[in-house]
Amino acid sequence: EDKVVQSPLSLVVHEGDTVTLNCSYEVTNFRSLLWYKQEKKAPTFLFMLTSSGIEKKSGRLSSILDKKELFSILNITATQTGDSAIYLCADNGSGNTGKLIFGQGTTLQVKP
Amino acid sequence: GAVVSQHPSRVICKSGTSVKIECRSLDFQATTMFWYRQFPKKSLMLMATSNEGSKATYEQGVEKDKFLINHASLTLSTLTVTSAHPEDSSFYICSARGTGHSPLHFGNGTRLTVT
């Protein structure tokens, strides 16, 4: 059965800290991995990772995929209170279904 | 970029009534849309895959007679929660994918409260 596992499940840091969120996956016919940020409403797209070893970067956020070890990390540097959210990792539609398989999510709280 | 609109954003209804939630892809056609349910501080749980012009595919444990899905056009899917009960209170989110191998884009969700 395909699955996506995130760790840690929750994290509390202070502003300015750097955090690393982990996502491991076991899926058949892997195509890509997605990272989303969810605050109060629906998830907003952060990154789509297809190739191993190529870092994607957006401001203070970056992410990389390791297809050999079947995991991805999401880094946030110089965290701010606005980074507080649930971060979701998902397998982007393996096989023919096209549906996403989500991990459990990491709840990040950044304290002032 | 791909925009998905979901309506209403919040609804309160009485037990036993039915509620319809709409999901529209605004700037692209979506032959497939997905409906998720989310409990507080939990991840998204896929309920069903909505297929334009055909029956929806439901995940194991999801009652198809309770959660009616209609995907009548390439830009609109609806989820109707029939005979709602308080345990149906939840956050429902729809999503759709553009062409090719692109990320899934989400509506803003509907918070349903059944009293």
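Any value given below was found using the heavy atoms of this structure, including those in side chains, with hydrogens, waters and symmetry copies removed.
Placement of B/Leu112 and B/Val4 in two distinct hydrophobic clusters is found when ILVMFWY residues are connected by side-chain heavy-atom separations under 4.5 Å, directly or transitively. There is no path of hydrophobic side-chain contacts, each under 4.5 Å, that joins B/Tyr92 to B/Phe34. A chain of hydrophobic side-chain contacts below 4.5 Å, direct or via other Ile, Leu, Val, Met, Phe, Trp or Tyr residues, connects A/Tyr87 to A/Leu49. No single ILVMFWY cluster, assembled from side-chain heavy atoms under 4.5 Å apart, contains both B/Leu46 and B/Trp35. Under the 4.5 Å side-chain contact rule for hydrophobic residues, B/Ile93 and B/Val114 do not share a cluster.
For residues 55-91 of chain B, a heavy-atom distance under 4.5 Å to chain A picks out B/Glu59, B/Phe91, given by residue number. Annotation: residues 33-48 of chain A contacts chain B through A/Leu34, A/Tyr36, A/Gln38, A/Lys40, A/Lys41, A/Ala42, A/Pro43, A/Phe45, A/Met48 [non-hydrogen atoms, separation under 4.5 Å]. Of all residues in residues 9-20 of chain A, none places a non-hydrogen atom less than 4.5 angstrom from a non-hydrogen atom of chain B. At a heavy-atom separation below 4.5 angstrom, chain B is approached by no residue within residues 53-80 of chain A.
Note that CG of B/Leu104 is 7.0 Å distant from CG of A/Asn92, once rounded to the nearest 0.5 Å.
For B/Leu44, the parts lying under 4.5 angstrom from a heavy atom of chain A are both the backbone and the side chain. Residue B/Gln38 touches chain A through its side chain alone, counting heavy-atom pairs closer than 4.5 Å.
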